[in-house]
Amino acid sequence: MRLYTGLLVHPLAKGGLEYLPDGALVVSDFGQIIFMGARVDALRDYADIPEERYENAVILPGLVDTHVHLPQYEAAAIGTGELLNWLNTYIFPLEARFADEEYAHIQSQRFFHDAVRLGTTTMSVYCSSHRRAADIAFEAAFHAGLRVCMGKTMMDNNAPENILHSPDDNINDSLALAKAWHGAGNGRLQYTLTPRFAGSCSRELLKKTGEAARAEGLRIQTHLSENPSELRFIAELFPEHASYTEVYHAYGLLTAKTIMAHSIYLSPQEKSLLKVHNCAIAHCPCSNRFLQSGVMALRQMLNEGFRIGLGSDVAGGSSLSMLNEAKEAAESTKTWNILHRAQEMPTVNAEEALWLATLGGAQALGLDDVIGNFTVGKDADFIICDMNEVLPQKSSFISPENIISRLVYGAHPYVVSKTVVQGKVVYQKQNSQ
Ligand code: GUN
Ligand code: ZN
């Protein structure tokens, strides 16, 4: 057993954050939270466990990235242009390199290593379209120790030949990967069916994906309504359907285990379809700006009751940092207000953005019975943030709320000093406790 003490902050299912300024977390040898509460009580009830005490630090649930592309990591923070040109210019050639197993191995290790260093403990990942590269990515995630919902990207249309596969190969390879990895690593590794988007999938592939998801009970992740040119492209490819969302609906891809990235330009009818099927949304504010895609109406979507997590969407987004993504989520609501002065909405603040980056992400992935906050019985996925790394030092704004605001807005790359998944330390900063 382990006993961690210090300022604990975690999201509540009913909304808002709970602050325990002198709090304690007790973790079982099996990696589960067996106590969360006041330090004095823990010291009394668990007197025989040595205390790991963190000063000038915040103990938070692990960060959840609900949408990210592993094979694009090398292109993070470079490139220009909007979605469709960007895919053709930078992304498809990069993803093709994952045919090389050695390259796939090195890139997968780097990706997960950097993610845990930034405090991400759970990721919903798109691999390249190669079966072997996805296998290698699962091996790397297993060794890195974090939690993933991940799949090989399926595509059979409108991209270079060397990254396309037939519908049957896409489905058979995906199901073979699911058989090998779904539930592995003590449940930490899960398989997600990953059709890239309607623009790179034939009707046959979409149909077979829907059938496989139903038969196997698997998650689905894909892109929806991201960019105006993309919307026109989808309308040309699928003239028989009234909307982009309707395309996915027609092929059975709208399920309670579906995570739709972006979802910026949805009509009321499309929102109703998503709501009826209880689909989740991966909100990707950094990417939405980097690729000039648009500004999602986050506040309205929250008010409408969508399950929403945050996604870095690397390399559409330029950083794997989910604290940075939380800041951008908050800022995106201000940008929305600037663009729509007449309909100004309450903005999202740093605390709510942190809620989305933790419990919001867990809910979006359907993992909130296992992770997302410090409820006793959940897995101990948490991070220690070292406030000595957040500038300005010696600030007089030291209320817990201000600490969270400074942590989110000041997101320093080295603020995370320790990352723990299922009770196991998966990252520890050099020279830290
Ligand atoms: N739509 C289809 N593929 C992609 C991708 O790789 N990134 C983003 N942001 N959007 C997409
Ligand atoms: Zn994406």
Side-chain angles (χ1 to χ4, degrees), residues 65-98 107 111 123-130 133 149-160 163-164 170 192-202 205-206 209 219-234 237-238 244-245 247-248 253 258-265 280-296 309-320 322 325 328 361 364-365:
D65 188 343
T66 61
H67 181 87
V68 61
H69 300 260
L70 182 155
Q72 299 178 12
Y73 186 41
E74 226 192 346
I78 63 151
T80 183
E82 293 194 28
L83 177 64
L84 298 177
N85 286 336
W86 171 82
L87 284 174
N88 286 316
T89 311
Y90 301 98
I91 298 306
F92 290 153
L94 192 55
E95 294 194 4
R97 293 186 64 185
F98 279 70
Q107 291 302 322
F111 177 79
M123 307 178 96
S124 189
V125 182
Y126 290 56
C127 299
S128 73
S129 59
H130 313 90
C149 304
M150 182 155 81
K152 92 167 204 82
T153 292
M154 299 194 285
M155 45 201 305
D156 66 342
N157 245 343
N158 303 320
I163 52 172
L164 298 181
N170 269 303
T192 304
L193 292 169
T194 308
R196 178 169 219 122
F197 73 139
S200 54
C201 298
S202 65
L205 177 54
L206 291 172
T209 303
R219 285 186 188 80
I220 298 172
Q221 57 182 349
T222 192
H223 296 86
L224 171 65
S225 201
E226 175 177 3
N227 171 286
S229 308
E230 174 214 24
L231 264 60
R232 285 192 290 277
F233 181 47
I234 302 299
L237 287 172
F238 296 93
Y244 196 162
T245 306
V247 174
Y248 292 135
L253 300 194
T258 300
I259 304 111
M260 290 294 188
H262 305 284
S263 306
I264 301 175
Y265 301 101
I281 308 286
H283 175 43
C284 308
C286 284
S287 168
N288 291 347
R289 190 171 60 204
F290 190 80
L291 297 177
Q292 301 169 67
S293 299
V295 183
M296 193 191 86
L310 303 183
S312 68
D313 194 26
V314 157
S318 43
S319 164
L320 282 179
M322 293 310 293
E325 203 67 42
E328 291 292 335
L365 298 178

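As the structure lists them, so they are numbered: ligands from 1, and atoms in each ligand from 1. For reference, positions follow the sequence shown, starting with 1.
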| Trp86 and ligand 1 - part of the residue with a heavy-atom distance under 4.0 Å |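 Side chain only.
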| How does Glu230 reach ligand 1, if at all, at less than 4.0 Å between non-hydrogen atoms: by side chain, backbone, both, or neither? |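 Under 4.0 Å from ligand 1, Glu230 contributes no heavy atoms.
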| field | Test side-chain hydrogen bond (donor to acceptor under 3.5 Å, both in side chains) applied to His67 and His283, step by step | value | CA-CA 8 Å; His67 181 87; His283 175 43; over 6 Å; no
| the Zn ion (ligand 2) is nearest to which N, O or S atom of Asp313? |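 Of all N, O or S atoms in Asp313, the Zn ion (ligand 2) lies closest to OD1.
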| query | His69: which N/O/S atom is nearest the Zn ion (ligand 2)? | reply |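 So the atom name we want here is NE2.
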| query | When you check the side-chain N and O atoms of Ser312 and Glu325, is any donor under 3.5 Å from an acceptor? | reply |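 There is no such pair between these side chains.
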| Donor on one side chain, acceptor on other, Ser200 and Asn158, under 3.5 Å |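 No - no donor-acceptor pair under 3.5 Å links their side chains.
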For [atom], which protein heavy atom lies nearest, and how many Å away is it?
atom	result
atom 1 (N) of ligand 1	His223 CG, 3.5 Å
atom 9 (N) of ligand 1	Asp313 OD2, 2.7 Å
atom 3 (N) of ligand 1	Arg196 NE, 2.8 Å
atom 10 (N) of ligand 1	Glu226 OE1, 2.7 Å

| For ligand 1, which atoms sit closer than 4.0 Å to a heavy atom of His262? |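 Reading through ligand 1 atom by atom, the close ones are 9 (N).
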| query | For ligand 1, which atoms, with element, lie under 4.0 Å from some heavy atom of Leu87? | reply |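 Counting atoms of ligand 1 from 1, those under 4.0 Å from Leu87 are 2 (C), 3 (N), 4 (C), 5 (C), 6 (O).
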Check whether any side-chain heavy atom of [X] lies under 4.5 Å from a side-chain heavy atom of [Y], and answer yes or no.
X	Y	result
Asn288	Ile264	yes
Gln221	Met260	no
Leu206	Val247	yes

| message | Below 2.8 Å, can you find an N, O or S atom of His223 next to the Zn ion (ligand 2)? | response |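 Checking the Zn ion (ligand 2) against His223, an N, O or S atom does fall under 2.8 Å.
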| Backbone or side-chain N/O/S of His67 under 2.8 Å of the Zn ion (ligand 2) |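 For His67, the answer is yes, given that an N, O or S atom comes within less than 2.8 Å of the Zn ion (ligand 2).
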| task | Would you please test Asn227 and His262 for side-chain hydrogen bond (donor to acceptor under 3.5 Å, both in side chains) and show each step? | result | CA-CA 9 Å; Asn227 171 286; His262 305 284; over 6 Å; no
| With a 4.0 Å cut-off on heavy atoms, is Gln72 touching ligand 1? |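 Yes, Gln72 has heavy atoms under 4.0 Å from ligand 1.
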| query | How many angstroms lie between CD1 in Ile259 and CD1 in Ile281, if you round to the nearest 0.5 Å? | reply |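 If we round to the nearest 0.5 Å, Ile259:CD1 and Ile281:CD1 are 10.5 Å apart.
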| request: Name the orientation class of the two ring planes belonging to Tyr126 and His223 (parallel below 30°, tilted from 30 to 60°, perpendicular beyond 60°). | output: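 Rings of Tyr126 and His223: tilted, as their planes differ by 30° to 60°.
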